[in-house]
Amino acid sequence: MRDIKIVIAGPRGRMGREAVRLVQQTDNFHLVAVVDHKNDGGSLSDFDGFSGLDIPVYSNIEECFQKVEADVLIVLTTPEFGMLHTKTALSYGVRPVVGTTGFTKENVNELEAICKEKGLGCIIAPNFAIGAVLMMKFAQLAGKYFNDVEIIELHHDEKLDAPSGTAVKTAEMIAEVREAKQQGHLNEKETIAGARGADFDGMRIHSVRLPGLIAHQQVMFGATGQTLTIRHDSYNRASFMSGVKLAVDTVMKIDTLIYGLENIIE
Ligand SMILES: NC(=O)C1=CN([C@@H]2O[C@H](COP(=O)(O)OP(=O)(O)OC[C@H]3O[C@@H](n4cnc5c(N)ncnc54)[C@H](OP(=O)(O)O)[C@@H]3O)[C@@H](O)[C@H]2O)C=CC1
Ligand SMILES: O=C(O)C1=N[C@H](C(=O)O)C[C@H](O)C1
C-alpha cells in the first residue's frame, strides 16, 4: 500500500478529532499538517487531546500547501469554508476528501469541472457512515415504487446547515427514480410557516435539532394502507471513519470528482 500524505482542515472539531485519530492509526496514512483558522504556527500537540503529535499548524491554507507536500486534504470545517478549502487544495494539485456539508449543486458542478481540467480526484461525501449510504440506496430503491416520501433528519443542535447534506443527497437520489409528484393536499396551507418542511421536487424534508442527538435520518414512504420506514442512526463520530478511510484510499486512484460514497462502495 502506498504512503499517503494528509492535511486535515478543522482538526479541533468533532469530526476533525476523529479524523486525526484515524490517520494516526492507519499505517500508510501520514498527517503532515493541519489547517486551523484560529491558530498559526506551533504544533498540534499544543492543543488538548493531541499530546505527542508534533504536526505543524497553519491558519492559512495557501501557506500550508506552499510549505508542506501533501497528497490529500480532508475537509472537515464549516459550510462557510468548505468550498474555499476544496478549491485551494485542487489548485495546489492536492486531492480533497470533503466531509463538510452545505455544498450546492452549482458548487459540485464547479468542482467537477476543475477536477476534469486538472485530472485530479476529489470525493465529496455527504455521509461517510456505511449504514447511512445503504439507507440512501435502499430509499432510492423504494422511491421507484412509492412516490410519496417524507425525509426526517435529526441532528445535534450545534449543526450549522439545514437540511443536512445527507437529507439533500437522499432526496436527489430518490428524485432520479421517483415519478414526479407534489405531495400533500392541493389546497393545504401552513398556519405556521415551515410546518410542512422544505420542498424538494414535491418531497418534504424535516430537520430536527436537539441536544443529545448525533446524526439520524428516517425516510418514510406511504401508499394506500401501508407505510415503509427506512432509518439510520449514528451514535458517535467513529461511525464515519471507515468511510473516510475508504475515501482517502480511493481518491488517490481516481481523476474525476465523485459525489457520494454510494458511487464507490462495492
Ligand atoms: N460527511 C460526513 O459523514 C459528516 C459530515 N459532517 C460535516 O462536517 C462538518 C464539520 O462537522 P463537525 O466536526 O461536527 O463540526 P465542528 O464545528 O465540531 O468542527 C468544525 C471545525 O472547523 C473549524 N473551522 C471553521 N472554519 C475553519 C477554517 N476556515 N479553517 C480551519 N478550521 C476551521 C472550527 O473551528 P472553530 O470552532 O474554532 O471555529 C471547528 O473546529 C460539518 O459541515 C458537518 O455537517 C459531520 C459529520 C459527518
Ligand atoms: O453535522 C453533522 O453532524 C453531520 N453532518 C452530515 C450531514 O449534514 O448530513 C452527515 C451526518 O449526518 C452528520
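Counting starts at 1 for both ligands and their atoms, in listed order. Source: prediction; values computed, not measured.
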Quiz item: Checking Asp40 side chain against Ser59 main chain: does a donor-acceptor pair fall under 3.5 Å?
Solution: yes
Practice problem: Please state which part of Pro11 comes within less than 4.0 Å of ligand 1, counting heavy atoms only: side chain, backbone, both or neither. | Solution: neither
Practice problem: Note the single closest protein heavy atom to atom 40 (C) of ligand 1, along with its residue, its atom name and the distance in Å. | Solution: Gly13 CA, 4.0 Å
Quiz item: Is it true that the side chains of Asn236 and Glu18 contain a donor and an acceptor less than 3.5 Å apart?
Solution: no
Exercise. Check if Gly165 has a non-hydrogen atom at a distance under 4.0 Å from any atom of ligand 1.
Key: no
Quiz item: Counting only heavy atoms not in Glu69, do more than 12 sit closer than 6.0 Å to its CD atom?
Solution: no
Quiz item: In the protein, what heavy atom is nearest to atom 3 (O) of ligand 1, and what distance, to one decimal place, separates them?
Solution: Phe128 N, 2.7 Å
Practice problem: Please identify which atoms of ligand 1 are closer than 4.0 Å to at least one heavy atom of Lys159. | Solution: 45 (O)
Practice problem: Applying side chain to side chain contact (heavy atoms under 4.5 Å, CB included), run through Glu262 and Lys169 and close with a yes or a no. | Solution: CA-CA 11 Å; Glu262 71 281 1; Lys169 181 69 162 137; 2.8 Å; yes
Exercise. Step through the shown structure and confirm whether more than 12 heavy atoms of other residues, nucleotides or ligands are within 6.0 Å of CG on Asp157.
Key: yes
Do any nitrogen or oxygen atoms of ligand 2 lie under 3.5 Å from a protein nitrogen or oxygen, and which ones?
from	atom 1	to	atom 2	distance (Å)
ligand 2	1 (O)	Lys159	NZ	2.9
ligand 2	3 (O)	His156	NE2	2.9
ligand 2	5 (N)	Lys159	NZ	3.1
ligand 2	8 (O)	Thr101	OG1	3.4
ligand 2	8 (O)	Lys159	NZ	2.7
ligand 2	8 (O)	Gly165	N	2.8
ligand 2	9 (O)	Gly165	N	3.3
ligand 2	9 (O)	Thr166	N	2.8
ligand 2	9 (O)	Thr166	OG1	2.4
ligand 2	12 (O)	His155	NE2	2.6

Quiz item: Strictly under 4.0 Å, does any heavy atom of Gly102 approach an atom of ligand 1?
Solution: no
Quiz item: Going by distance alone, is a donor N or O of one side chain under 3.5 Å from an acceptor N or O of the other, for Ser43 and Asp54?
Solution: yes
Quiz prompt | Where ligand 1 meets Val35 - atom numbers and elements under 4.0 angstrom, heavy-atom basis | solution = 31 (C), 32 (N)
Practice problem: Would you mind listing every side chain to side chain donor-acceptor pair (under 3.5 Å) that reaches into residues 121-143, with sequence neighbours excluded? | Solution: Asn127-Thr166, Gln140-Glu176
Self-check item: From Asp27 atom CG to Met1 atom CE, the distance as rounded to the nearest 0.5 Å
Solution: 7.0 Å
Quiz item: Under 6.0 Å from the CD atom of Glu179, do we count more than 12 heavy atoms belonging to anything else shown?
Solution: no
Quiz item: Among protein heavy atoms, which lies nearest atom 37 (O) of ligand 1, and at what distance?
Solution: Lys38 NZ, 4.2 Å
Self-check item: Candidate with minimal heavy-atom separation from atom 42 (C) of ligand 1, of Thr78, Val97, Leu76, Thr77
Solution: Thr77
Quiz item: Numbering the atoms of ligand 1 from 1, which are under 4.0 Å from a heavy atom of Asn127?
Solution: 1 (N), 2 (C), 3 (O)
Quiz prompt | Asp233 side chain vs His216 backbone, donor-acceptor pair below 3.5 Å | solution = no
Quiz item: With distance as the sole test, does Glu190 use its side chain to make a donor-acceptor pair with the main-chain N or O of Arg196 at under 3.5 Å?
Solution: yes
Quiz item: Which bit of Ile61 is near ligand 1, meaning a heavy atom under 4.0 Å away: side chain, backbone, both or neither?
Solution: neither
Quiz item: What's the shortest distance from atom 29 (N) of ligand 1 to any protein heavy atom, and which residue and atom give it?
Solution: Phe81 CG, 3.1 Å
Quiz item: Under 3.5 Å between some N or O of ligand 1 and some N or O of Gly99?
Solution: yes
Quiz item: Relative to atom 27 (C) of ligand 1, which among Glu80, His155, His37 owns the nearest non-hydrogen atom?
Solution: His37
Self-check item: Contact atoms of ligand 1, heavy-atom distance to Gly10 under 4.0 Å
Solution: 22 (O), 32 (N)
Self-check item: Pairs meeting criterion ring-ring contact (aromatic ring centres under 6.0 Å, His included) with involvement of residues 235-266, two or more places apart
Solution: none
Quiz item: Are Asp161 and Lys159 within salt-bridge range, i.e. N to O under 4.0 Å?
Solution: yes
Quiz item: Are His85 and ligand 1 in contact, using a heavy-atom cut-off of under 4.0 Å?
Solution: yes
Quiz prompt | Where at least one partner belongs to residues 107-126, residue pairs that pass side chain to side chain donor-acceptor pair (under 3.5 Å), sequence neighbours excluded | solution = Lys87-Glu110, Thr104-Asn107
Practice problem: Among all protein heavy atoms, pick the one closest to atom 1 (N) of ligand 1 and tell me residue, atom and distance. | Solution: Ala125 O, 2.8 Å
Practice problem: Nearest 0.5 Å please: distance from the CG atom of Leu73 over to the OH atom of Tyr92. | Solution: 13.0 Å
Quiz prompt | Gln218 side, atom CD; Ile152 side, atom CD1 - distance, nearest 0.5 Å | solution = 4.5 Å
Quiz item: Among protein heavy atoms, which sits nearest to atom 45 (O) of ligand 1, and what does the distance come to when rounded to 0.1 Å?
Solution: Thr101 OG1, 2.6 Å
Practice problem: Kindly identify the option in Arg12, Met15, Glu18 whose heavy atom sits closest to atom 48 (C) of ligand 1. | Solution: Met15
Practice problem: Looking only at protein heavy atoms, identify the closest one to atom 15 (O) of ligand 1 and say how far it is in Å. | Solution: Arg14 NH2, 3.5 Å
Self-check item: Nitrogen or oxygen of Pro79 less than 3.5 angstrom from that of ligand 1
Solution: no
